[in-house]
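Reckoned from all heavy atoms, side chains included, excluding hydrogens, waters and symmetry mates. Quick caveat: nothing in here was measured; it's all calculated off a predicted structure. Order of the sequence lines sets the chain letters (A, B, ...), proteins ahead of strands, with each chain counted from 1.
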There are 2 protein chains.
Amino acid sequence: MSEVSEIGEADWSVWRAFQAMRRELDRAVEQRLHADAGISGPDFEILLSLFRAADNQLRARDLGELLGWEKSRVSHQVTRMVARGLLERRECPTDLRGTWVVLLPEGRRAVLRASRGNATELRRLFFDVLTPAEKATLNELSERIVDIANPASCARADEILNGEQEQQTAS
Amino acid sequence: MSEVSEIGEADWSVWRAFQAMRRELDRAVEQRLHADAGISGPDFEILLSLFRAADNQLRARDLGELLGWEKSRVSHQVTRMVARGLLERRECPTDLRGTWVVLLPEGRRAVLRASRGNATELRRLFFDVLTPAEKATLNELSERIVDIANPASCARADEILNGEQEQQTAS
DNA sequence: CCCGTGAAGTTGACATGTCACCCACCTGGC
DNA sequence: GCCAGGTGGGTGACATGTCAACTTCACGGG
């Protein structure tokens with residue numbers, strides 16, 4: 001056996017199982033989204049973020065931070081979705097550099113069509129399959145890894161979802 | 001709170017943490033691979049599979065099954081890597097439809113340059129961060145999910161890695 | 001007021017991944 | 001032998017993601 005590193009076979013086995021799980025999970029979820037609503041995983045992430053946001057709209061910057069995406073990815077994805085009539089771009093009056101991304105009725109219908117099947121699939125493959133203890137373990141372990149990999153990414157999501165629409169709705 | 005489904009907030013929180021973990025983990029590992037050896041994650045997966053295979057070569061079909069990739073993805077990726085001098089395609093004498101994918105010296109150097117940093121990064125972000133109990137939990141849970149998502153994908157990897165080179169090395 | 005720095009977004013080029021389709025070849029039944 | 005259906009693999013069009021510029025604007029210090 002040609003050894004490449006000092007990582008044991010048992011550890012590699014865990015890693016391979018983890019990778020396979022991610023792959024199959026994504027595949028199944030994406031297929032379901034496409035079958036139910038004709039949208040992709042990234043489409044759904046954007047739509048759901050906007051659906052849950054105050055006034056169904058978010059600054060592009062906040063969308064990116066919420067999803068952990070780079071700004072150019074957000075821009076490309078939004079452009080494609082605007083072309084399909086799911087979203088709309090709107091100028092930001094308080095910061096002329098900014099852009100609001102707004103959910104359109106067509107986009108709202110797509111989220112609603114996709115959500116039930118998506119939830120079903122997630123329950124079938126994830127939530128119903130894990131014990132509460134396993135979920136707790138996974139949650140804790142995930143947060144630990146994120147802290148190490150990217151110490152800067154913590155604790156911004158809440159304020160984005162709750163506090164920032166005052167920039168335009170507060171008179 | 002506009003509820004989209006019957007999945008509880010605690011469960012969603014686990015899901016988000018899990019997603020963020022995957023994202024940051026991939027980002028860190030890919031950056032390291034690129035810095036150390038100028039290759040991408042998919043590049044490394046191919047190279048490592050070949051490096052560990054008998055005679056440093058695999059049938060395209062087996063490569064795909066080993067990695068869980070579609071055949072066209074394998075073909076595109078191999079084409080790009082052949083163009084960079086990392087791999088070579090060779091005809092299969094026993095099945096004229098088949099193709100062997102062979103690791104070239106340049107590819108071997110790339111794996112070796114990438115492996116140490118990759119292992120370091122995986123240990124820093126994964127193996128050293130998880131307790132043995134957590135690894136066991138993650139392993140078991142992953143296998144369970146894979147079984148549900150794709151019941152057909154089990155128990156082929158071993159024979160690919162160990163048994164199939166007789167097609168050409170056995171006289 | 002004006003300048004330098006940095007933030008917000010967009011764009012184009014390019015790498016990656018998927019899908020539908022194609023072709024060559026193998027294999028089993030007749 | 002021959003044909004039907006399946007397998008192995010490649011290709012081109014397109015969707016997705018990343019990187020490096022570039023533009024516009026905000027903001028703080030002289």
Side-chain angles (χ1 to χ4, degrees), chain A residues 22-23 26-31 33-35 38-46 58-84 86-102 152 156 160 164 167, chain B residues 22-24 26-31 33-35 38-46 57-84 86-102 152 156 160 164 167:
Chain A
R22 294 169 31 158
R23 194 174 53 234
D26 285 351
R27 203 182 40 69
V29 170
E30 292 240 357
Q31 276 184 359
L33 282 175
H34 200 273
I39 63 177
S40 67
D43 290 339
F44 187 62
E45 288 189 77
I46 295 254
L58 285 170
R59 286 282 301 268
R61 169 196 46 168
D62 297 333
L63 200 44
E65 201 155 355
L66 206 53
L67 298 174
W69 290 10
E70 304 185 2
K71 57 185 183 176
S72 88
R73 181 180 176 188
V74 174
S75 182
H76 282 304
Q77 187 70 34
V78 167
T79 298
R80 289 188 294 258
M81 294 173 74
V82 165
R84 287 188 284 154
L86 301 170
L87 309 180
E88 193 180 51
R89 270 191 245 252
R90 234 174 257 173
E91 291 177 5
C92 175
T94 63
D95 185 342
L96 294 185
R97 299 166 303 177
T99 305
W100 287 96
V101 180
V102 188
R156 270 268 302 158
I160 291 174
E164 297 206 343
Q167 287 188 10
Chain B
R22 293 169 33 158
R23 195 175 50 235
E24 299 305 329
D26 285 351
R27 204 183 39 70
V29 170
E30 292 241 357
Q31 276 185 0
L33 282 175
H34 199 273
I39 62 178
S40 67
D43 289 338
F44 187 62
E45 290 188 77
I46 296 253
Q57 60 181 8
L58 284 170
R59 285 283 300 269
R61 170 197 47 170
D62 297 334
L63 200 43
E65 201 155 355
L66 207 53
L67 298 173
W69 290 9
E70 303 184 4
K71 58 187 183 174
S72 88
R73 180 179 177 189
V74 174
S75 183
H76 281 305
Q77 186 70 33
V78 167
T79 298
R80 289 187 295 257
M81 294 174 74
V82 166
R84 286 187 285 153
L86 301 170
L87 309 179
E88 192 179 52
R89 270 192 245 254
R90 234 174 256 172
E91 291 177 4
C92 174
T94 62
D95 185 342
L96 294 185
R97 297 167 304 178
T99 304
W100 287 96
V101 180
V102 188
R156 268 268 304 160
I160 291 174
E164 297 205 342
Q167 287 187 9

Is there a donor-acceptor contact under 3.5 Å from the side chain of A:T79 to the main chain of A:S75?
-> yes
Return the minimal non-hydrogen interatomic distance between A:E30 and A:P42, and the atom names on each side.
-> OE2-CD, 3.9 Å
Length of the CZ-P vector between A:R22 and C:dG17, whole Å | 12 Å
Partner set under salt bridge (charged side-chain N to carboxylate O under 4.0 Å, His left out) for B:R80, not counting sequence neighbours = none
Consider the side chain of B:R61, meaning its heavy atoms from C-beta on, and name the nucleotide among D:dG10, D:dG8, D:dT18 that approaches it most closely.
-> D:dG8
Please give, in whole Å, the distance from D:dG17 P to B:R27 CZ?
-> 16 Å
Provide, to the nearest angstrom, the distance between the CH2 atom belonging to A:W100 and the P atom belonging to C:dA8.
-> 13 Å
Inter-residue atom distance A:L63.CG - A:T99.OG1, 0.5 Å rounding | 11.0 Å
Note: for B:A60 and A:R73 on DNA chain D, the residue whose nearest nucleotide lies more 5' is B:A60
Residues two or more places apart in sequence or in another chain: which of them pass side chain to side chain contact (heavy atoms under 4.5 Å, CB included) with B:R97?
-> B:D95
Here the distance between atom C1' of D:dG17 and atom CD of B:Q31, to the nearest Å, is 14 Å
Between A:L63 (CG) and C:dG9 (C1'), how many Å, whole number?
-> 13 Å
Considering all heavy atoms, the nearest B:S40-B:L33 contact = O-CD1, 3.9 Å
Sequence-distant partners of B:D26, side chain to side chain contact (heavy atoms under 4.5 Å, CB included), two or more places apart | A:R22
Between the protein and nucleotides 11-14 of chain C, list every N/O to N/O distance that falls short of 3.5 Å.
from	atom 1	to	atom 2	distance (Å)
C:dG12	O6	A:H76	NE2	2.8

Rounded to whole Å, the NE2-P distance (B:H34 to D:dT18) equals 13 Å
The reported gap from CZ in A:R59 to CH2 in A:W100 (rounded to nearest 0.5 angstrom) is 6.5 Å
What residues form a salt bridge (charged side-chain N to carboxylate O under 4.0 Å, His left out) with A:R73, not counting sequence neighbours?
-> none
Specify the separation, in whole Å, of atom CZ of B:R90 and atom P of D:dG9.
-> 15 Å
What does the list of N/O pairs under 3.5 Å between the protein and nucleotides 25-28 of chain C look like, with a distance for each?
from	atom 1	to	atom 2	distance (Å)
C:dC26	OP1	B:L96	N	3.3

Just how far, in rounded Å, is P of D:dG10 from CG of B:L87?
-> 12 Å
